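Comments concern the structure below.
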Amino acid sequence: MKRVSLFIILSAFTIALASPLDLPAATRGVTVASPEGQDLFLYKDYRALVVGISDYDKWPDLPFAIQDAEEVTSKLDKMGFQVKLVTNPTSREFKKILSEMTYKMGKEPNRAVLFYYAGHGETETMADGTKMGYIIPKDCPPLKGDPVGFDTHAVSMRDIESVSLRMKSKHVLMLFDSCFSGALFSLVRAMPVDITEKSALPVRQYITAGNENEQVPDKSMFKRCFLIGLDGAADMTGDGYITGSEMGMYLADNVVNYTRRQQHPQYGKINNPNLDQGDFIFIPPKTLEKQKNREQSTFKREDLVNKDIQQLRAERKETHRLLVEMKKLVQTQQQAPQQGKQTLQEKMALERQIAKLAKEREAFEELAAAREKEYEARLTHSKEKVDQEAQKRKAMQAELERLRQQAEKRKALEQELEKLKRERGAKSKANQKLQERKALERQIAKLAKERETIEKLAAAREKEYEARLTHSKEKVDQEAQKRKAMQAELERLRQQAEKRKALEQELEKLRRERNTKFKANQKQVIQSKDNIALEQESGLPANAKKEEPLLISQKGIAASGSKTSITKPVKEGIQQEAGTAKTQNEVYVPRIKVPPNLQLTLAPKKPETKPIKKSIQQGTETAKTQNEVYVPKIKVPTNLQLAYAPKKSDPEKIVRAVLRRKPIRMDESDIEKMILHHNFYSKKLNEKGGFLKNFSDNRDGTVTDHSTGLMWERGGSSSKRNYFEVENYIADLNDDKFAAHDDWRLPTLEELSSLMTKAHEKTGMYLDPIFESSKKTCWSADSSADEATETAYYVDFSDGVIVLGYGRNESSRYEIVEAINFVKAVRSIK
């Protein structure tokens with residue numbers, strides 16, 4: 001009986017060893033560990049499409065775009081992505097690779113797909129005011145130059161959205177290393193959360209390097225921060241994984257800092273409730289290394305278990321063989337009493353053999369018991385793992401089922417809500433009017449509050465302007481007092497001038513009286529001498545009619561006895577013959593006929609001792625006797641002579657150059673035409689230029705250019721200003737009535753360029769020294785023809801060039817900087 005029970009135990013143990021050990025299969029694909037320790041299955045694999053465009057046909061080249069794309073490709077390849085790199089695709093090639101990404105890469109549901117683009121971007125303003133972003137293939141023309149060609153070649157964000165919706169993959173992340181705007185996604189700015197089962201839900205995420213008003217530099221900081229973030233810097237929760245939201249927040253913070261707020265990356269999810277629940281998940285290289293080490297240790301343990309299983313199977317075969325032999329012996333022993341043919345020796349040998357087998361059986365039982373305990377412990381541990389995995393799988397399935405039910409319930413509730421809205425809209429028109437009335441009342445109340453706020457603001461502004469007005473009135477009073485003082489001074493000077501004029505008239509009257517008396521006494525002597533000299537040397541008869549003499553004094557020449565006077569001053573020191581006059585500086589000359597086109601002047605020359613007969617030519621004919629001039633012999637100092645010179649003609653009237661006053665948008669060709677048309681000086685475009693100028697300093701802080709009819713500030717603003725602060729400066733000048741004028745404005749580029757001249761030898765400035773040389777750069781009112789950027793031109797008088805400030809234009813020959821400059825106001829003379 002004991003042997004039978006032992007046989008049954010060994011048989012049961014053998015059957016137990018013969019049954020295969022059920023161990024969990026190795027997990028395949030991409031899995032992550034949640035904070036609760038659960039392994040979440042995410043994807044079957046990663047795929048990526050990377051596009052870089054450096055060599056554009058009709059856009060400025062981007063030398064580093066392809067290099068950036070290659071670096072991103074290398075990094076993603078090391079992280080387990082299957083990457084396809086495409087460089088410099090045309091519009092047709094670009095759309096083809098997008099279709100391949102949609103229907104080949106994106107056809108697998110359990111897959112994560114990444115799209116990375118490095119190249120130019122563009123933004124178009126739609127009719128409703130919204131912005132549409134575009135990515136630019138190699139052969140795409142500019143939007144402004146060829147809008148039709150741009151529309152057929154550019155890839156819009158609506159096309160990208162269509163690609164996202166047609167892809168079947170669970171998670172899709174698109175990164176654009178370019179700046180544009182668009183309504184493709186809604187911006188997200190929330191704290192990152194731990195990875196949960198919700199992270200595995202479908203999602204479409206987007207990240208751009210900047211908005212529409214910004215430009216991506218040649219060496220991309222966006223790419224550099226993206227690669228650093230993939231190494232683990234973007235892991236904000238510290239769980240060893242990087243989500244798309246974490247990457248977007250990391251790039252938004254770091255790119256802004258590293259570019260000194262020149263770029264503001266945008267990130268978000270698609271505007272679709274069915275595709276904005278999950279989150280794209282990267283596994284950094286360190287986490288991948290840990291997972292590989294863990295898998296290798298798991299594989300080693302599995303190898304040990306497999307070896308033990310093989311050894312158990314060998315031992316099981318040996319046990320089975322022993323059991324077969326033992327069964328034969330037991331059968332032989334049971335058959336021995338019946339046969340009666342066996343001898344006592346055979347029985348003894350059989351007993352010895354049985355005893356030996358019994359010992360071996362006991363040893364084997366001990367070994368089997370030990371092995372049984374060991375494998376029961378292993379089997380228990382494996383079963384626990386299998387149970388845990390089964391429980392996790394059941395929990396995940398239950399959670400997915402719960403989310404599906406919630407989605408169905410939400411959909412049913414939304415349908416019910418829509419139905420209720422329609423019913424309510426159909427049944428409650430009166431209620432709607434009541435609500436509209438309430439809304440109108442609320443709006444009226446809101447407007448009343450706004451009015452109160454505006455009134456308060458207006459009161460504050462009124463106080464401010466009253467203070468300004470008071471200050472201005474004080475300034476006006478001061479100016480009025482100064483003007484009154486100046487008028488009083490002018491009146492005093494006029495009175496002094498009138499007194500001086502009266503005194504001069506009285507003096508002249510006294511001189512005439514004195515000359516008349518003197519002439520009465522000396523007339524006979526002078527006439528006799530003159531007649532004798534004239535008769536001897538000119539051949540005139542002694543009884544010829546004589547002309548009255550002229551009096552030449554220090555103040556001028558006056559015709560005696562006639563209303564005609566010649567006021568050419570004579571230098572002091574003219575001596576008269578002794579005894580001919582009381583005054584030493586007066587010379588008497590007989591009256592002579594002077595043609596209307598001549599005037600009497602004094603010029604240094606040796607004195608003439610003979611009378612001069614001079615005929616005046618009129619055209620090609622010789623003048624008649626009435627046009628002949630007879631000059632009697634007079635004594636003139638050796639350093640002066642009497643001569644006739646033609647009167648100077650009236651100066652020609654100044655013709656003013658008309659310059660444009662209204663600001664416009666200009667490009668390079670417009671500037672070149674302007675400079676050549678007016679012959680403005682330009683160090684780069686027209687070094688031989690020489691625009692005529694006629695400056696005069698008004699002594700009140702202004703300079704007038706008579707050739708253009710413009711009045712300029714001699715100096716300008718006391719400090720440099722941003723272009724958006726220019727209007728405030730001009731308004732302050734007009735409020736204060738600078739130089740008694742309130743029509744100051746910012747000059748156009750045409751007006752400001754008229755001031756440029758060749759470099760002055762002393763100041764080194766390309767500006768007339770009548771202006772202050774410290775104001776080296778001055779803003780103009782003209783801006784760039786590119787309406788997408790806030791740019792304005794200014795003139796650099798230190799270099800003699802025109803510069804485009806606060807913007808960027810890759811094709812411009814002018815230096816492009818973001819600058820603050822001085823303001824030099826101008827006004828037109830009426």
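Predicted model, so just to flag it, every value in this text is computed and none were measured.
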So Val803 and Thr777, side-chain contact (heavy atoms from CB on, under 4.5 Å) or not? Walk me through it. CA-CA 9 Å; Val803 187; Thr777 58; over 6 Å; no

Does Lys223 have any salt bridge (charged side-chain N to carboxylate O under 4.0 Å, His left out) partners at least two apart in sequence or in another chain, and if so, which? Asp68, Glu71

Let me confirm one number: the CG-CG distance from Leu76 to Leu227, rounded to the nearest 0.5 Å. 8.0 Å

Does Leu746 form a side-chain contact (heavy atoms from CB on, under 4.5 Å) with Tyr729? I'd like the steps, not just the answer. CA-CA 10 Å; Leu746 188 65; Tyr729 176 77; over 6 Å; no

Taking Asp279 for the side chain and Val203 for the main chain, is one N or O donor matched with an acceptor at less than 3.5 Å? no

Check Pro89 against Phe94 and note the closest heavy-atom contact, atom names and distance. CG-CD1, 3.8 Å

So NZ of Lys95 and OG1 of Thr90: to nearest 0.5 Å the spacing works out to 10.0 Å

Spell out, as yes or no, whether a donor-acceptor pair under 3.5 Å connects the side chain of Lys684 to the backbone of Ile802. no

Measure the acute angle between the ring planes of Tyr56 and Trp59, then classify it against the limits of 30° and 60° as parallel, tilted or perpendicular. tilted

Measuring only between side-chain heavy atoms, which start at C-beta, is Ile53 closer than 4.5 Å to His120? no

Side chain to side chain, Met79 and Ile283, heavy atoms closer than 4.5 Å: no

Is the shortest side-chain heavy-atom distance between Phe282 and Leu173 below 4.5 Å? yes

Closest non-hydrogen atom pair, Lys683 against Asp799: CD-O, 2.9 Å

Single hit among Asn722, Leu749, Leu752, Val726 for side chain to side chain contact (heavy atoms under 4.5 Å, CB included) with Trp779: Val726

Scan residues 103-121 for pairs that pass salt bridge (Lys or Arg N to Asp or Glu O under 4.0 Å), counting only residues two or more places apart or in two chains. Asp45-Arg111

I want to check something: taking the side chain as every heavy atom from C-beta on, are Ile820 and Arg721 in contact at a cut-off of under 4.5 Å? no

Can any side-chain N or O of Tyr793 pair as donor or acceptor with the backbone N or O of Met666 at less than 3.5 Å? yes

Test side-chain contact (heavy atoms from CB on, under 4.5 Å) on Lys144 and Phe150; report intermediate values, then the result. CA-CA 9 Å; Lys144 292 185 178 179; Phe150 178 86; over 6 Å; no

ring-ring contact (aromatic ring centres under 6.0 Å, His included) filter on Phe81, not counting sequence neighbours, yields Tyr46

Counting N and O atoms only, with roles assigned by atom type, does the side chain of Asp276 sit under 3.5 Å from a partner on the main chain of Lys269, one being a donor and the other an acceptor? no

Closest non-hydrogen atoms of Ser169 and Met105, given as atom of the first, atom of the second and distance, are OG-O, 3.6 Å

Side-chain contact, heavy-atom cut-off 4.5 Å: Leu251 with Tyr267? no

Do the side chain of Gln205 and the main chain of Phe280 share a donor and acceptor less than 3.5 angstrom apart? yes

Looking only at the side chains, is there a donor atom on one of Ser669 and Asp667 sitting less than 3.5 Å from an acceptor on the other? yes

Using side chain to side chain contact (heavy atoms under 4.5 Å, CB included) as the criterion, point out the one residue from Asn211, Val255, Val256 that pairs with Gln263. Val255

Is it the case that the side chains of Asp159 and Ser162 hold a donor-acceptor pair, with the cut-off being a distance below 3.5 Å and no angle test? no

Heavy-atom distance under 4.5 Å between the side chains of Leu98 and Met101, does that happen here? yes

Between Glu93 and Lys96, is there a side-chain N and carboxylate O pair less than 4.0 Å apart? no

Please round to the nearest 0.5 Å and tell me the distance separating atom CZ of Phe115 and atom CD1 of Ile160. 5.5 Å

Find the distance between CD (Glu161) and CD1 (Ile270) and round it off to the nearest 0.5 Å. 4.5 Å

Correct closest heavy-atom pair for Cys778 and Phe797 would be SG-CE1, 4.0 Å

Determine whether a donor-acceptor pair (N or O, by modelled atom type, separation under 3.5 Å) exists between the side chain of Asn272 and the backbone of Asn274. yes

Asp239 CG to Ile281 CD1 distance, which is reported to the nearest 0.5 Å: 8.5 Å

Salt bridge (charged side-chain N to carboxylate O under 4.0 Å, His left out) with Lys170: which residues, sequence neighbours excluded? none

Partners of Lys58 by side chain to side chain contact (heavy atoms under 4.5 Å, CB included), sequence neighbours excluded? Pro141, Pro142

Kindly check if the number of other-residue, nucleotide or ligand heavy atoms within 6.0 Å of NZ (Lys168) is above 12? no

Decide side chain to side chain donor-acceptor pair (under 3.5 Å) for Ser780 and Asp782; before the verdict, give the C-alpha distance in whole Å, the side-chain angles of both, and the deciding distance to 0.1 Å. CA-CA 6 Å; Ser780 78; Asp782 293 335; 5.0 Å; no

Do Tyr117 side-chain atoms and Ile136 backbone N/O form a donor-acceptor pair below 3.5 Å? yes

Over all atoms of both residues, closest heavy-atom pair of Asn88 and Ser54: OD1-N, 2.9 Å

Between Ala154 and Pro137, what is the shortest heavy-atom contact and its length? CA-CD, 4.0 Å

Is the shortest heavy-atom distance from the side chain of Glu687 to the side chain of Ser682 under 4.5 Å? no

From Lys776 atom NZ to Tyr766 atom OH, the distance as rounded to the nearest 0.5 Å: 12.5 Å

Pro284 side chain near Ile242 side chain, heavy-atom distance below 4.5 Å: yes

Residues passing the side chain to side chain contact (heavy atoms under 4.5 Å, CB included) test with Leu201, sequence neighbours excluded, are Lys198, Gln277, Leu403

Check: Gly240 main-chain N/O paired with Thr287 side-chain donor or acceptor under 3.5 Å: yes

Any donor-acceptor pair under 3.5 Å linking the side chain of Glu750 with the backbone of Met674? no

Val163/Val172 under side-chain contact (heavy atoms from CB on, under 4.5 Å): CA gap, chis, key distance, verdict: CA-CA 10 Å; Val163 169; Val172 177; over 6 Å; no

Verify, without hydrogens or angle tests, whether Arg204 (side chain) and Ser164 (backbone) share a donor-acceptor contact under 3.5 angstrom. yes

Greater than 12 external heavy atoms within 6.0 Å of Glu725's CD: yes

